[in-house]
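Note sheet for the following structure.
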Amino acid sequence: MENNKLNQKISGKTWALIWILGLAGQLCWSVENQWFNTFVYAKIAADPWIVSWMVAVSSIVTTFSTFFFGTWSDRLGKRKPFVFIGYMLWGVFTILFGVTEFLPKNELVVAAIMVIAMDALMSFFGSMGNDAAFSSWTTDLSNDKNRGQIGAVLAALPIIATIVGTVVSGILIAALDYFAFFIIVGVFVIIIGLIGLIFMREADGISPNKDQKGFWHQFFSVFNFKNIKENKELFCVFLISCVYFICFNFYYTHIGNYFIYTLGYDEGMAGIIQGVGLGLAIFATLPAIKLINKGQHVKMIAASVVFSVIGLGVIGFAGSNIVMLLPGIILAGVGYVLVVQTTTAWSKGLYPEGNFGQYEGVRIVFNVMIPMVIGPSAASILIERFGNPVMIDDKPGMAPTAVIFFAAGILSVLTLIPMVMAAKQKVKAEK
């Protein structure tokens, strides 16, 4: 498959599908990453470790699912069936996650296990449809002339989804409560899956890529050290994402509960504040497109670290002062936008031909699994030590404090280490 050498234009219908399928997928991830965590505090127990276990298990399941279905879709040379089935079941298990609200709370361990299990199942099928199939499809479509634009869209999608997922979702939860909200989200994703079934078409030039030694040999072949040696620049880019997203998940997993139980906002107001800040941050994607297309990846990563560190510091010092809080969210949001946009475009241009689905799995290891295992768990230790004691439904717990933002800001500086490594490999490749 010589897809990167092709210069076909992407049709208007295909661009529309990229936006629709991508936005629906990112909306679901946004809801999971934020409102599932506030749901645990509100309906199960105010325990940061339940949140950390839920995030860690779902990230591991997400990684396996992306590898498994990515390999399968590479072998078939098809993405559409996996998008359709994945999105449909994603919606179903989002609804079932909400059902855990009605489990008896006197058996807290059982309730916690069920919450973690439902989230894991939702993540399994979500990764099948979005990470393994949809993301590979966008890579199939990309070439040297459109990679910056596709990267910009893929970077904008999580921001737009986060805005919708915070503002609209917060208002819906405040008005209807969690169970009705999860039904709405689940039905929406099911409808999007049906739209994909009707309108999606495979990219030109994609063909089956079968390892003659069988599925599992192909599945594990990507872990061969030889692949890392042959794709040093790509793995350095993955390391940039890994370090940055460890810091991101350090605070983002707990930010909803920080706004609600430490600053005193309800779900609706918490969503509006974050949504407005991130909405303004999304404009950073526009000037970044030209710089990314010119290969200025290193400068963009350095800028993202600067914005993130300053933004997180401002959020930490702001407390509930909205005049300070909003600029902090905007700056941290710009940092997030730039790192997603840059690493997406940079890595997609380095994927080995014929293995796009599998390398989406590798990307998930560095972007999702490692950060979501380490980040929230490390934050939970700080919350236990420096958190605010709270009572929610007559149950004691610990709410996050500003410490998580200061710690995340300091750790974000470490992103510069893999950035320098990637820069060196980039220079070697260009020579």
[X] side chain to [Y] main-chain N or O, any donor-acceptor pair under 3.5 Å?
X: Asn37; Y: Thr253; value: yes
X: Ser30; Y: Gln26; value: no
X: Lys80; Y: Arg201; value: no
X: Ser58; Y: Val55; value: yes
X: Asn249; Y: Phe245; value: yes
X: Ser52; Y: Trp49; value: no
X: Ser135; Y: Asn130; value: yes
X: Ser73; Y: Gly70; value: yes

Value rounded to 0.5 Å, distance of [atom1] in [X] from [atom2] in [Y]:
X: Ile95; Y: Met122; atom1: CD1; atom2: CE; value: 12.0 Å
X: Tyr178; Y: Ile183; atom1: OH; atom2: CD1; value: 15.5 Å
X: Asp177; Y: Glu101; atom1: CG; atom2: CD; value: 5.5 Å
X: Leu331; Y: Ile310; atom1: CG; atom2: CD1; value: 6.5 Å
X: Ile192; Y: Leu21; atom1: CD1; atom2: CG; value: 7.0 Å
X: Ser380; Y: Leu382; atom1: OG; atom2: CG; value: 9.0 Å

I'd like to know whether Ser11 forms a side chain to side chain donor-acceptor pair (under 3.5 Å) with Thr14, so could you lay out the CA-CA distance, the side-chain angles of the two residues, the decisive distance to 0.1 Å, and finally the verdict.
CA-CA 5 Å; Ser11 69; Thr14 300; 2.9 Å; yes
[Y] and [X], any side-chain heavy atoms less than 4.5 Å apart:
X: Phe97; Y: Glu32; value: no
X: Met372; Y: Thr63; value: no
X: Phe238; Y: Arg363; value: yes
X: Val305; Y: Val339; value: no
X: Thr94; Y: Cys28; value: yes
X: Ser169; Y: Glu267; value: no
X: Ser127; Y: Trp29; value: yes
X: Val243; Y: Ile417; value: no

Taking all non-hydrogen atoms of both residues, which atom of [X] and which atom of [Y] are closest, and how far apart?
X: Thr100; Y: Met118; value: CG2-CG, 3.7 Å
X: Ala120; Y: Val57; value: CB-CG1, 4.1 Å
X: Leu76; Y: Pro208; value: O-CG, 3.5 Å
X: Thr62; Y: Ser123; value: OG1-CB, 3.4 Å
X: Phe134; Y: Ile18; value: CZ-O, 3.5 Å
X: Tyr87; Y: Ala24; value: CE2-CB, 4.2 Å

Do the two ring centres, one from [X] and one from [Y], sit under 6.0 Å apart?
X: Phe366; Y: Tyr244; answer: no
X: Phe248; Y: Tyr251; answer: yes
X: Phe36; Y: Phe39; answer: no
X: Phe69; Y: Phe124; answer: yes

One pair to check against side-chain contact (heavy atoms from CB on, under 4.5 Å): Phe235 and Gln425. What are the steps and the verdict?
CA-CA 10 Å; Phe235 279 88; Gln425 295 301 322; over 6 Å; no
Give the ring-plane orientation class for Phe125 versus Phe93, where under 30° counts as parallel, over 60° as perpendicular and anything between as tilted.
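Aromatic pair Phe125/Phe93 classed parallel.
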Parallel, tilted or perpendicular for Trp72 and Phe82, by the 30°/60° rule?
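Judged by the thresholds at 30° and 60°, the geometry between Trp72 and Phe82 is perpendicular.
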Kindly determine whether Met419 and Val298 satisfy side-chain contact (heavy atoms from CB on, under 4.5 Å), including the steps that lead there.
CA-CA 7 Å; Met419 182 200 76; Val298 178; 4.0 Å; yes
Neighbour count >12 (heavy atoms, 6.0 Å) for atom NZ, Lys299:
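It does not: Lys299 NZ has 12 such atoms or fewer within range.
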Any chance you could lay out the side-chain contact (heavy atoms from CB on, under 4.5 Å) test for Ile315 and Ile255, step after step, and finish with the verdict?
CA-CA 11 Å; Ile315 293 171; Ile255 193 171; 5.5 Å; no
For Asp74, run the side chain to side chain donor-acceptor pair (under 3.5 Å) check against Gln218, Arg79, Lys210 and tell me which one passes.
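Answer to the side chain to side chain donor-acceptor pair (under 3.5 Å) test with Asp74 among Gln218, Arg79, Lys210: Arg79.
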Set out, in order, the CA-CA distance, both residues' side-chain angles and the distance that settles side-chain contact (heavy atoms from CB on, under 4.5 Å) for Val365 and Phe67, then state yes or no.
CA-CA 9 Å; Val365 170; Phe67 269 117; 3.4 Å; yes
Test ring-ring contact (aromatic ring centres under 6.0 Å, His included) applied to Tyr336 and Tyr252, step by step:
CA-CA 11 Å; Tyr336 170 70; Tyr252 188 73; 7.4 Å; no
